[in-house]
Amino acid sequence: MDKTYDQTRVEEKWYKFWEENNLFAPEINPDGNPYTIILPPPNANADLHLGHAMMSVEDILIRYRRMKGDAALWLPGSDHAGFETQVVFERNLQNEGKSRFDFDRETLYKMIFEFVQNNKSKMENQLRRLGFSMDWSREKFTLDEDIINIVYQTFKKMSDGGLIYRANRIVNYCTKHGTSFSDLEVVYEDRKSPLYYIKYGPLTLATVRLETKFGDTAVAIHPNDERYKEYIGKEIDIETVLGPAKIKVISDEAVDKDFGTGVVKVTPAHSATDFEIGQRHNLEVKQVINFDGKLNEKAGKFAGMKVKEARAAIAEEMQKKGLIEKVDENYQNRVAVCYKCGTEIEPLPMEQWFIKIDSLAKNALEVVEKGEVKIFPKNYTSTYYQWMKNIKDWNISRQIVWGIQIPAWKCKDCNEWVVTKGEEPNECPNCKSSTIERDPDVFDTWFSSGQWPYATLMTTKPGDFEKFYPTAVMETGRDILFFWVARMVMLGLYKTGSIPFKDVVLHGTVLDPLGKKMSKSKGNVVNPMDLANQYGADALRMALVYGNAFGHDQALSHPKLQTMRNFTNKLWNIGRFLIEFKPEDSTTEISNHEDDKAILKKLDETINKVTAALDQYRFHDATDTLYEFIWHEFADKYIESTKERRSEAQPTLEYVFKTSLELLHPFMPFITEELWQRLPHEGKSIMITSWPTSK
RNA sequence: GGGCACUUAGCUCAGCUGGUAGAGCGUCGCAUUUACACUGCGAAUGUCGGGGGUUCGAUCCCCUCAGUGCCCACCA
């Protein structure tokens, strides 16, 4: 054995050994209780990032339960990640001087498919590099045919059950990417925007969005606003940049008396709030901005201008005409932007598929309230409640090609829609016409990944669903509680009648060493593979859970990685000392020496602490206990104390160390296997040896 | 506007159901070439954000103030 531990010679070797001996499959413990974790499928469009390395805690749980004798299944997979992937792919095209418009739908889809396949295998090897003990024979991809079929079936079931409707509603639309988004995919930026006080006949109102005025179909005031009472219900004459016009004055509770002048223009086509006001008052939805972000013919001479351009031009013209009373240049507002490209989101009216969310959310709320699904750390429970209580209908249509195309066809003759389980209908069931056309849109990627726990298990091996569902734990980043976890609970309950998982375990975000969020644009992204190569996968895994209360964000710490790399070296040298410096005349029985009894007692305490910590998802407690015990109790004190009576102590030394390795194995799988194999042991692998119990 | 966290040694952070504080890194001193220098032994440093309350006793519970971070809603 070398003086210094070299993980590069060890880690790959053991992963291969485990995989070749099929130790990852739950069948290794055929009679054990099922214990299942479904891997949050990484997006198959890029390398793993550090957040993925946090999924080490899933491996910790799986290895722990496997050693305890459970039929532990960790099911791997990857996500096609619809819009996200298309954006990445388009950027690549752009670098080659091409664009998505150069290809037809099918070609583009095929190209992205190949791109994703390529990434997928790279990513899978990175998961292996981290030591993740996943059952690769059950690996799934969100675009596997059988998965797609299940997604179709769910949509059909919801459609038949009246939970799906198609409606012309205001959606969040990115004019650059050419697609709509759910509310969750929109981010807000604080901006300073000029607030124009403009004259509408006898009234003055404040607005930022001058360019939408051509779509105004009313002016609204609060019903209790004494200042303007006389105008309610009347039509007023106004002067506009396109000449004189008439507009009616309505009253609505949604108006804030204290904002601006208390008068608001109502533009149902370009504001979600105004759209709702419009519905209450039967206002016309007059669209003046098109999906390319330019004004249309209703804007008269401003037609063809982009929104910002038009706003400036209109402001100038209105100033000339004396229609602007004043401008508040210091007005602070929040502007909705595309979370990918920062383009201002246009609220636009569009026909989309929506899911009626109320009943789904109610059930999903209940299972958590009743404790059938538990969330760890538990403070996220109230966040979950809050979201579930305020959730709105879910727009699941996306105007992109990369995804699962919605199985809905529209009759060109009678305009009726028909939804199927994926098969193309021959004729319109309503009017028998054969001229029907499939909706070009695809599902929001979260609609398919929201079905992941049951879709995977229903399509892996016969009997898997019955045996492994509901799963034990859903472990994922706290940032996708709403995007994903909540949707899985809703869809799981809906489709299977049962919760998809019992415990939700949320880890925090790994930040850069300065505590800032990692992002490609900031250039502070750290590749976990680099860290694994530099410090060892064991050290990386350990560093991510050691010394941080689980669920809290943490800054990546190189000193901590070094500490853990040093710890692996300490383990190595303890092993070396026990194995290579073993006295010839060692006894074989554990002695009754007081020191030996004392260390065995401390070992028992350690076993109890670590086991309890793991059962409560207190990973940092477990690692802290192990680190302290092995290094400072066992190595520094006990080993030093035995140097005078080494032969007698050897069996205790070996026993305590071997047991420690077993306790440490879920956290540091590679080095513990390497050393365990070198010590006297029974069985094929530390992976499948029994979890230690106290005496 | 609503919610959730956080504020503890120079730095990064632990501290579970209340008994006047710990780790890693760093600093200082010492040791030895030892299984391990990716080492060992020892030391210093904290009115646990401010104020108030409950309690025999609070870093831990309650109230309040201040600061930081995150999430949700959303501004016409």
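In the text below, chain A, chain B and the rest are named by the order of the sequence lines, each starting its count at 1. Just so it is clear, the structure is predicted and the values come from calculations on it, not from any experiment.
Looking at the side chain of Arg618(A), the nearest of the listed nucleotides C16(B), C74(B), C25(B) is C16(B). Proximity note for Asn379(A) (side chain, C-beta onward) versus C13(B), C4(B), A35(B): the nearest is C4(B). In this structure, of U34(B), A14(B), G40(B), it is G40(B) that holds the atom nearest to the side chain of Trp631(A). Taking the side chain of His552(A) as heavy atoms from C-beta on, and the options U34(B), C75(B), C6(B), the nearest nucleotide is C6(B). Checked against C36(B), A73(B), G24(B), the side chain of Asn573(A) finds its nearest nucleotide in C36(B). The side chain of Ile574(A) lies closest to A35(B) when the candidates are C71(B), C38(B), A35(B). Residue Asn566(A) has its side chain nearest to U39(B) when only C4(B), A35(B), U39(B) are considered.
Contacts of Asp256(A) with the nucleic acid, taken as non-hydrogen atoms under 4.0 Å apart, include base atoms. Residue contacts for Ala635(A): at a heavy-atom cut-off of 4.0 Å it reaches a base atom on one of the strands shown. If you check every strand for non-hydrogen atoms under 4.0 Å, Tyr5(A) touches nothing. Here Arg565(A) lies in heavy-atom contact (under 4.0 Å) with a base. Phe567(A) comes within contact range of no nucleotide atom at all, as no heavy-atom separation falls under 4.0 Å. In this structure, His558(A) reaches neither bases nor backbone, as no heavy-atom distance under 4.0 Å exists between it and the strands shown.
Here the straight-line distance linking atom NZ of Lys213(A) with atom CD1 of Ile247(A) works out to 8.5 Å at 0.5 Å rounding. Distance SG/Cys174(A) to CG/Leu348(A): 11.0 Å, rounded to 0.5 Å.
No side-chain donor-acceptor contact under 3.5 Å links Asp256(A) to the backbone of Gly262(A). The backbone N or O of Phe181(A) lies less than 3.5 Å from a partner atom in the side chain of Asn172(A), making a donor-acceptor pair.
In terms of polar N and O atoms assigned as donor or acceptor, the side chain of Glu640(A) comes within less than 3.5 Å of the base of A35(B) in a complementary pairing. Counting atom types as modelled, Lys3(A) pairs no side-chain N or O with a base atom of C36(B) as donor and acceptor under 3.5 Å. Judged by distance alone, with hydrogens and angles left aside, Lys392(A) brings no side-chain donor or acceptor close enough to the base of A73(B) to form a pair under 3.5 Å.
Listed by residue number, the members of residues 196-220 of chain A with any heavy atom below 4.0 angstrom from RNA chain B are Ala206(A), Thr207(A), Val208(A). In the region residues 326-335 of chain A, proximity to RNA chain B at under 4.0 angstrom, judged on heavy atoms, holds for Tyr331(A), Asn333(A), Arg334(A).
Rounded to whole Å, the separation between the P atoms of G46(B) and U68(B) comes to 27 Å. Using C1' as the reference atom, C61(B) and G22(B) are 22 Å apart when rounded to the nearest Å. When the P atom is used for both C65(B) and G1(B), the distance is 13 Å, rounded to whole Å. Taking atom P in both A14(B) and A9(B), one finds a spacing of 13 Å when rounded to whole Å. Distance check on atom C1': U33(B) versus G40(B) gives 12 Å, rounded to whole Å. When the P atom is compared between C48(B) and U59(B), the two are found 7 Å apart, to the nearest whole Å. Comparing the P positions of C74(B) and U64(B) gives a spacing of 28 Å, expressed to the nearest Å. A distance of about 27 Å separates the C1' atoms of G67(B) and G24(B), rounded to the whole Å.
Taking atom OH of Tyr188(A) as the reference point, atom P of C75(B) lies 6 Å away to the nearest angstrom. One can place CG of Leu556(A) at 15 Å from C1' of C11(B), the figure rounded to the nearest angstrom. Atom CG of Asp636(A) is separated from atom C1' of C38(B) by 14 Å (rounded to the nearest Å). Asp258(A) places its CG atom 20 Å from the P atom of C74(B), with the value rounded to the nearest Å. Distance, Arg478(A) CZ to C70(B) C1': 6 Å, rounded to whole Å. Nucleotide G24(B) holds its C1' atom 17 Å from the CG atom of Asn569(A), rounded to whole Å.
The side-chain tip of Lys298(A) does not point at the ring of Phe214(A) from less than 6.0 angstrom away and within 45° of straight on. Arg169(A) forms no cation-pi arrangement with Phe275(A), by the criterion of a distance under 6.0 Å to the ring centre and an angle within 45° of the ring axis. In this structure, Arg646(A) is positioned above the aromatic face of Phe577(A), its NZ or CZ under 6.0 Å from the six-membered ring centre and within 45° of the axis.
Environment of NZ in Lys602(A): sparse, with no more than 12 heavy atoms of neighbouring residues, nucleotides or ligands closer than 6.0 Å.
Judged by closest nucleotide on RNA chain B, Ser557(A) is the one of Ser557(A) and Gln562(A) placed further toward the 5' end.
Screening Thr212(A), Asp274(A), Thr217(A) for a side chain to side chain donor-acceptor pair (under 3.5 Å) with Lys265(A), the sole residue that qualifies is Thr212(A). When each of Phe670(A), Tyr535(A), Trp572(A) is checked for a ring-ring contact (aromatic ring centres under 6.0 Å, His included) with Tyr5(A), only Trp572(A) meets the rule.
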Per-nucleotide pairing state of RNA chain B [Watson-Crick or G-U, under 3.5 Å; [ ] pseudoknot-crossing; | other strand]: (((((((..((((........)))).(((((.......))))).....(((((.......))))))))))))....
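For Tyr200(A), the ring-ring contact (aromatic ring centres under 6.0 Å, His included) criterion is met by no residue, not counting sequence neighbours. Listed by chain and residue number, Asp79(A), Trp446(A), Trp484(A) satisfy the side chain to side chain contact (heavy atoms under 4.5 Å, CB included) test with Ser449(A) (two or more places apart in sequence, or in another chain).
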Audit row: Lys374(A), Lys378(A), side chain to side chain contact (heavy atoms under 4.5 Å, CB included) steps and yes/no: CA-CA 8 Å; Lys374(A) 294 193 184 69; Lys378(A) 62 171 182 285; over 6 Å; no
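Applying the 4.0 Å criterion to OP1 and OP2 of C38(B), one finds that Thr563(A) has every side-chain N and O outside that range. In this model, the phosphate group of G24(B) is not approached by any side-chain N or O of His620(A) to a distance below 4.0 Å at OP1 or OP2.
The aromatic rings of Tyr638(A) and Phe634(A) sit parallel to each other, their planes meeting at less than 30°, with 60° as the upper class boundary.
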Identify each donor-acceptor pair in which a side-chain atom of residues 544-552 of chain A lies under 3.5 Å from a protein atom, sequence neighbours left out, and give them as a table.
{"from": "Asn548(A)", "atom 1": "ND2", "to": "Asp553(A)", "atom 2": "O", "distance (Å)": "3.4"}

